[in-house]
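Let me begin by presenting the structure, written as structure tokens, before commenting on it.
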Amino acid sequence: MRLYRKTTVAVIGALAAGLLAGVPAPAWAAGNDNNVEWDGLFHDQGPLYDSAVAPGCTTPVTLTFRTFHTDVTSVNIKYYDSADSAFHWVPMSFGSNDATGKFDLWTGTVPASCSAKYYRFQVNDGSATAWYNAAGPSTGEPSTQDFYVLPGFSTPDWAKNSVLYQIFPDRFADGDTGNDVTTGEYTYDGYPTEHKSWGASPAADAGYTNSSVFFGGDLQGVDAHLSYLTDTLGVNAIYLNPVFTSPTNHKYDTQDYDHVDPHLGGDAAFDTLVSDLHAKGGHMILDGVFNHTGEWSPWFDKGNVWPNSTGAYESQSSQYAGYYTFQQWPEKYSSFLNQVPTMPKLNYGASGSATRNAIYGSTGSVAQEWIRQHHIDGWRLDAAQYVDADGNAGEDATNHDVWSQFRTAVKDADPNALIFGEYWGDANPWVTGGQWDGATNYDGFTNPVSQWITGKDYNGNAASLSASQFDSWLRGTRANYPTQVQQVMSNHLSNHDIPRFAQRAGGDIWKTYLADFVQMTYVGMPTIYYGDEYGLVGANDPDDRRCMDWSQATTGNDAVALLRKLIAIRKQYPALRTGSFQSLGTDDATKMFAYGRTDAKNRIAVVLNNDSTSHTYQVPAYQLSMKDGSTVTDAVGGASYQVSNGTVSVTVPGHYGAVLVQ
């Protein structure tokens, strides 16, 4: 091995000196000059650079690393193996040149085993050394944000190829007025229900409360508009905010995990919707509220809602007494954030507890039953970080133990089920520890996209990023996750907990256009909050839960038409879903940002303009191995461009983008 590596280095050195007959040193050759050219370095865990992103225990992983042609003298893989808690070295060998001849591709293989491994690259040019890991190149050896080899850990392929559409059922469409909640139908938490006409303000009138305002949206309404979702827009997965029986419109205070709320159409309407969605090749995700229940749950039963059940609030001898944590029975107990008494917090206790068994531990448990009997395709986990025992606040060993067991149970029910947790920061501890497949990508998508395009964070507070800061933020947060996790992170512009993107954008629909370009070309699972496709505005809760305006939901609306086209482009080119991601450059003065998505079939350059006026950008096409004289075509606008001197010049309108495909 040593002799082979030395021979390879000697050959490369000869190429650099132009000593091989008939092989002149190309103009793009960097040369062995004791200086590693960082612009030539690239690796990620896309299909061109990693032979097995989710290997089995017997699968060796061959890695490819790119450098400028004849620039370096050696490249090594340095990986940490959790099996022996030690670092190991793999010398890489020259494999080939890229299509342009501007780059050398080095290869090396990490041997197969069942243990988790973390790797980085050492790149040498004579006396000079650079390091490279998921955070990019550096002069010193990094100690964090390495690339991953996680044998046995995979995420669902269907999710990697999905565009997810989030629906707040009461506000989407009323398919059956006969099941509407009426004004004064019942009282909850001291307030009567209020029925409002479709499109009215979601804020409660005097004498009522926001959580008890109903508009009549139901699952029959979703089913009636299924063709709009799957055929007009092109989405292929639906995520429903909670649908289980509950007295509120948001239903995060579950009353009955066994049934869909009758006011949403009940179990029959749900089963019909799932069947119809599956017939169209789609997938269904439910919101799993497993940190707490509602006070009207039979397990708690404050108010004696269940006369045939004795809840923990009713008796300390209740079979459900251990499901909750009481500091002083019955009025002092742990609840959601210890701030919402109507949402008593579940006590998961130790492994094998009755609570764990009821939520996920048996085939008849909530998590498994809805997969096995109602055929849902996965769970979005609400407030997942807080799940714990004895009223504790979560993010501890018990929390991780619960989600590890939950994963085992759910994957046993359906190995292809998707599990993603609600988390607003770096979800690394859950997604690298065999628990969730992914998470809500506030930190790695929602917040940076909002700050770059709208000048506000996702809460609507003033906060702005330059193009280069935006690029840096994205790279840093991608580095937090294995590639198979990145590809199923839920990338949303808005949701039911934050002001809508269009609100933060001041109603400027062109900013929504630009955000759509990012959402449909970036790494992750695009997640569209109903109405975002046409620029529905809305401030904080409850205003971010306005009714869908169906007069706008048509391809006659320019925003809807653009999103439809971008979704179709994403579905047409796998490189936009599972290909490599490579930053191609930024220009803070013109607010331009370009990046590449590549696989074995396509090379795609995405060019974004965050300014209000048009700008021309020189895309370094050579970085994507696009040959001089070759043509690229904008998949959105249809214009074609020729690569010349390694670049493509493209003019992009303000707050818009181009998707240049080769």
Side-chain angles (χ1 to χ4, degrees), residues 242-246 252-260 267 286-302 305-306 308-326 329 333-336 343-376 378-415 417-419 421 430 433-437:
V243 297
F244 300 135
T245 303
S246 157
Y252 282 97
D253 44 2
T254 308
Q255 177 178 337
D256 183 1
Y257 286 113
D258 292 330
H259 298 288
V260 169
D267 296 351
L286 286 187
D287 209 328
V289 188
F290 301 141
N291 172 67
H292 51 269
T293 68
E295 64 179 12
W296 281 8
S297 164
W299 301 345
F300 197 77
D301 203 16
K302 185 176 182 179
V305 177
W306 300 80
N308 296 323
S309 175
T310 302
Y313 182 86
E314 297 174 293
S315 171
Q316 290 177 284
S317 299
S318 166
Q319 63 175 313
Y320 306 115
Y323 280 41
Y324 302 93
T325 303
F326 290 88
W329 184 86
Y333 51 86
S334 298
S335 64
F336 176 50
M343 298 180 181
K345 181 179 174 65
L346 285 167
N347 176 13
Y348 277 82
S351 182
S353 70
T355 308
R356 297 193 191 201
N357 191 58
I359 294 295
Y360 60 79
S362 67
T363 56
S365 64
V366 179
Q368 293 196 51
E369 176 75 9
W370 285 90
I371 291 174
R372 294 180 185 275
Q373 300 301 321
H374 297 276
H375 310 297
I376 71 167
W379 292 100
R380 178 262 190 192
L381 305 174
D382 179 67
Q385 73 200 79
Y386 303 117
V387 165
D388 212 335
D390 304 320
N392 291 328
E395 298 198 50
D396 58 11
T398 297
N399 178 275
H400 291 295
D401 185 50
V402 166
W403 292 129
S404 179
Q405 293 180 1
F406 182 92
R407 180 183 185 85
T408 298
V410 166
K411 297 293 184 175
D412 183 63
D414 179 2
L418 176 67
I419 303 168
W430 289 272
Q435 296 161 58
W436 310 338
D437 293 312

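Here the side chains of Asn347 and Asp390 are in contact, with some heavy-atom distance below 4.5 Å. Side-chain contact check for Val410 versus Ile371: some heavy-atom pair is nearer than 4.5 Å. By the 4.5 Å heavy-atom criterion applied to side chains, Lys345 and Thr325 are not counted as neighbours. His292 has its side chain out of reach of Ser335: every pair of non-hydrogen atoms, C-beta onward, lies at least 4.5 Å apart. Side-chain contact between Glu314 and Thr310 is present, with heavy atoms from C-beta onward closer than 4.5 Å.
Ring geometry for Phe336 against Tyr386 counts as perpendicular: the plane angle is over 60°, on a 0 to 90° scale with 30° as the lower cut. His400 and Trp430 have tilted rings, their planes meeting at an angle from 30° to 60° on a 0 to 90° scale.
At least one donor-acceptor pair closer than 3.5 Å links the side chain of Asn399 to the backbone N or O of Gln385. Without hydrogens or angle criteria, Asn392 side chain to Ala389 main chain gives a donor-acceptor distance under 3.5 Å. Listed for the Tyr252 side chain is no donor-acceptor partner under 3.5 Å among the backbone atoms of Asp382. Side-chain atoms of Lys411 come within 3.5 Å of backbone atoms of Ala417 as a donor-acceptor pair (strictly under, hydrogens ignored). Side-chain N or O atoms of Asp388 include one that pairs as donor or acceptor with a backbone N or O of Gly394 at under 3.5 Å. Between the side chain of Arg356 and the main chain of Gly349, a donor-acceptor pair closer than 3.5 Å is present.
Between Asp256 and Phe244, the closest heavy-atom pair is O-CB, 3.4 Å. Among all heavy-atom pairs drawn from Asp267 and Trp370, the shortest one is OD1-CH2, 4.1 Å. For the residue pair Ser334 and Gly391, the shortest heavy atom distance occurs at OG-CA, 3.4 Å. Across all their heavy atoms, Ala321 and Ala312 have their closest contact at CA-CB, 3.8 Å.
Taking 4.0 Å as the cut-off between side-chain N and carboxylate O, Arg372 and Asp412 count as a salt-bridged pair.
No donor-acceptor contact under 3.5 angstrom links the side chains of Gln368 and Ser362, judged on distance only.
For the atom pair Phe300 CZ and Ser309 OG, the distance stands at 12.5 Å (nearest 0.5 Å). Here the CG atom belonging to Asp253 is positioned 4.5 Å from the CE atom belonging to Met343, to the nearest 0.5 angstrom.
With ring centers used as reference points, Phe406 lies 6.0 Å or more from Trp436. Taking the ring centroids of Tyr313 and Phe326, they lie at or beyond the 6.0 Å cut-off. Here the two rings, on Tyr360 and Trp379, have centers that are 6.0 Å apart or farther.
Exactly one of Tyr323, Tyr324, Trp299 qualifies for a side-chain hydrogen bond (donor to acceptor under 3.5 Å, both in side chains) with Thr293. That residue is Tyr324. Partner of Pro242 under the side-chain contact (heavy atoms from CB on, under 4.5 Å) criterion, out of Asp287, Thr254, Leu286: Asp287 alone.
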Could you check Ser297 against Gln255 for side chain to side chain contact (heavy atoms under 4.5 Å, CB included), going step by step and ending with a plain yes or no?
CA-CA 4 Å; Ser297 164; Gln255 177 178 337; 5.7 Å; no

Walk me through whether Asp437 and Arg407 qualify under side chain to side chain contact (heavy atoms under 4.5 Å, CB included).
CA-CA 9 Å; Asp437 293 312; Arg407 180 183 185 85; 2.9 Å; yes

Does the side chain to side chain contact (heavy atoms under 4.5 Å, CB included) test come out yes or no for Ile419 and Leu381, once each step is laid out?
CA-CA 7 Å; Ile419 303 168; Leu381 305 174; 3.6 Å; yes

